[in-house]
Enquirer: 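Have a look at this one before I ask anything.
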Number of protein chains: 2
Amino acid sequence: MSGKEIRRSMPLFPIGTVMQLTELSARQIRYYEEHQLISPARNQGNRRLYSLNDIDRLLEIKDLIDQGVNMAGIKQIFLVKQQQEQTNNEQQQSEKAKRELTDDQLRHLLRNELMHSGRFNRSTLRQGDMSRFFH
Amino acid sequence: MSGKEIRRSMPLFPIGTVMQLTELSARQIRYYEEHQLISPARNQGNRRLYSLNDIDRLLEIKDLIDQGVNMAGIKQIFLVKQQQEQTNNEQQQSEKAKRELTDDQLRHLLRNELMHSGRFNRSTLRQGDMSRFFH
DNA sequence: AAAACCATGTTAGATTTTCTGACATATCAT
DNA sequence: ATGATATGTCAGAAAATCTAACATGGTTTT
């Protein structure tokens, strides 16, 4: 829920950039927002700011519209997808729980060794790396 | 030279976004441009548009300035880095050349098998995937 | 067929953002 | 003290965006 997600949901792009990236008109983009298919952030001056996720969503919308789906349809599709993700997460969750038990055992087994392997884990500090904002 | 690079050098961000991302003032960002440490694209209306690479560069600049390096110093550092990359590429190039010879042989060996393995390589068309613009 | 609805275009006026160029200023080296 | 460097700040102009309203060509519904 952190890391990647924070970055992909970071509000970065003004509507002009989004228009070019998606080849949608400002009118269309705002209209889809009106119908709650997206909800971009706003900056201090009330201008919309879109995230990578928003843009993905707009591309999906565009595609569905090309298939003849209307607003209501798209809204439902997104709902289903969201629920799908929800259950996916729950599955992962429970699987993870199982795994964690054995992981605990593993950790236990490894502990002694580590206690004697005086090795440091220096964190690599690289600078000027925009990738921290994405992926 | 294509793919990734095109994306990371795609002009996307207005100066306001870049200010937030880098915590530099507009004045600073323009000043560095004046000294040719960066050269953002311009849109039709003459507004600057920065790429991910530009932002990386600005973060690097910021860091160097924190270390007390001045414009001239930073310019030189970038020059050296660029040359470094150049020679790196050349090395890779010549290594690749070598490898390609053996690859040719490999291809040769595989050709017959492939000629008989009537298998199709359907390209996966996924939609609404912003990742095509990045990484 | 008429009326209503949907998705989008277009326009207008207000507000925000960005642009360039100029002048101001603090810090540092000479 | 003088000058250079890096940045702040201001002003006026141009561009981008905002909201709200009206216009319109296709679809449905009545």
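Just so we're on the same page: letters track the sequence lines, and every chain starts at 1. Model, not experiment: these values are computed from the prediction.
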Enquirer: Toward the 5' end of DNA chain C, which comes first, B:Met19 or A:Met71, by nearest nucleotide?
Expert: A:Met71
Enquirer: Rounded to whole angstrom units, what separation is found between the CG atom of B:Asn46 and the C1' atom of C:dT20?
Expert: 9 Å
Enquirer: Side chains of B:Gln86 and B:Gln82: donor-acceptor distance under 3.5 Å anywhere?
Expert: no
Enquirer: Got a donor-acceptor contact below 3.5 angstrom from the B:Arg27 side chain to the B:Ser25 backbone?
Expert: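 No, the answer is negative, given that no donor and acceptor are paired below the 3.5 Å cut-off.
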Enquirer: Between B:Gln28 and B:Gln44, who's closer to the 5' end of DNA chain D by nearest nucleotide?
Expert: B:Gln28
Enquirer: OP1 or OP2 of D:dT17 versus the side-chain N and O atoms of A:Arg48: is any pair under 4.0 Å?
Expert: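 No, outside the criterion.
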Enquirer: Closest approach to the side chain of A:Arg47, judged atom by atom: which nucleotide of D:dT17, C:dT10, C:dC19 is it?
Expert: D:dT17
Enquirer: Specify the separation, in whole Å, of atom CZ of A:Phe13 and atom P of D:dA16.
Expert: 18 Å
Enquirer: Could you check which of D:dC18, D:dC22, C:dA22 has an atom nearest any side-chain atom of A:Arg27?
Expert: D:dC22
Enquirer: Give a yes or no answer on whether the side chain of A:Arg47 reaches the backbone of A:Gly45 with a donor-acceptor pair at less than 3.5 Å.
Expert: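 Side chain of A:Arg47 to backbone of A:Gly45, a donor-acceptor pair under 3.5 Å: yes, one is there.
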Enquirer: Quickly work out the B:Tyr31 OH to D:dA6 C1' distance and round it to whole Å.
Expert: 5 Å
Enquirer: Can you confirm whether the side chains of B:Asn46 and B:Arg42 place a donor and an acceptor under 3.5 Å from each other?
Expert: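 Present: a donor and an acceptor within the cut-off.
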Enquirer: Whole angstroms only, please: what is the CD1-C1' distance between A:Ile61 and C:dA7?
Expert: 13 Å
Enquirer: Atom CG of B:Leu24 to atom P of D:dA6: distance rounded to whole Å?
Expert: 14 Å
Enquirer: Among the nucleotides C:dC19, C:dG9, D:dT19, which one has an atom lying closest to any side-chain atom of A:Arg30?
Expert: D:dT19
Enquirer: Once you round it to whole Å, what is the distance between C1' of C:dT8 and NZ of A:Lys62?
Expert: 14 Å
Enquirer: Are side-chain heavy atoms of B:Ile15 and B:Tyr50 found at a separation under 4.5 Å?
Expert: yes
Enquirer: When the distance from CD1 of B:Ile74 to C1' of D:dT7 is rounded to whole Å, what number comes out?
Expert: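 After rounding, the gap between these two atoms is 14 Å.
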Enquirer: With the side chain of B:Arg42 defined as its heavy atoms from C-beta on, choose the nearest nucleotide among C:dT20, D:dT7, C:dG9.
Expert: C:dT20
Enquirer: Go nucleotide by nucleotide along DNA chain C from the 5' end; which of A:Asn43 and A:Asn70 gets its closest nucleotide reached first?
Expert: A:Asn70
Enquirer: Please report the distance, rounded to the nearest Å, between CD1 in A:Ile65 and C1' in C:dT8.
Expert: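 About 10 Å, once rounded to whole Å.
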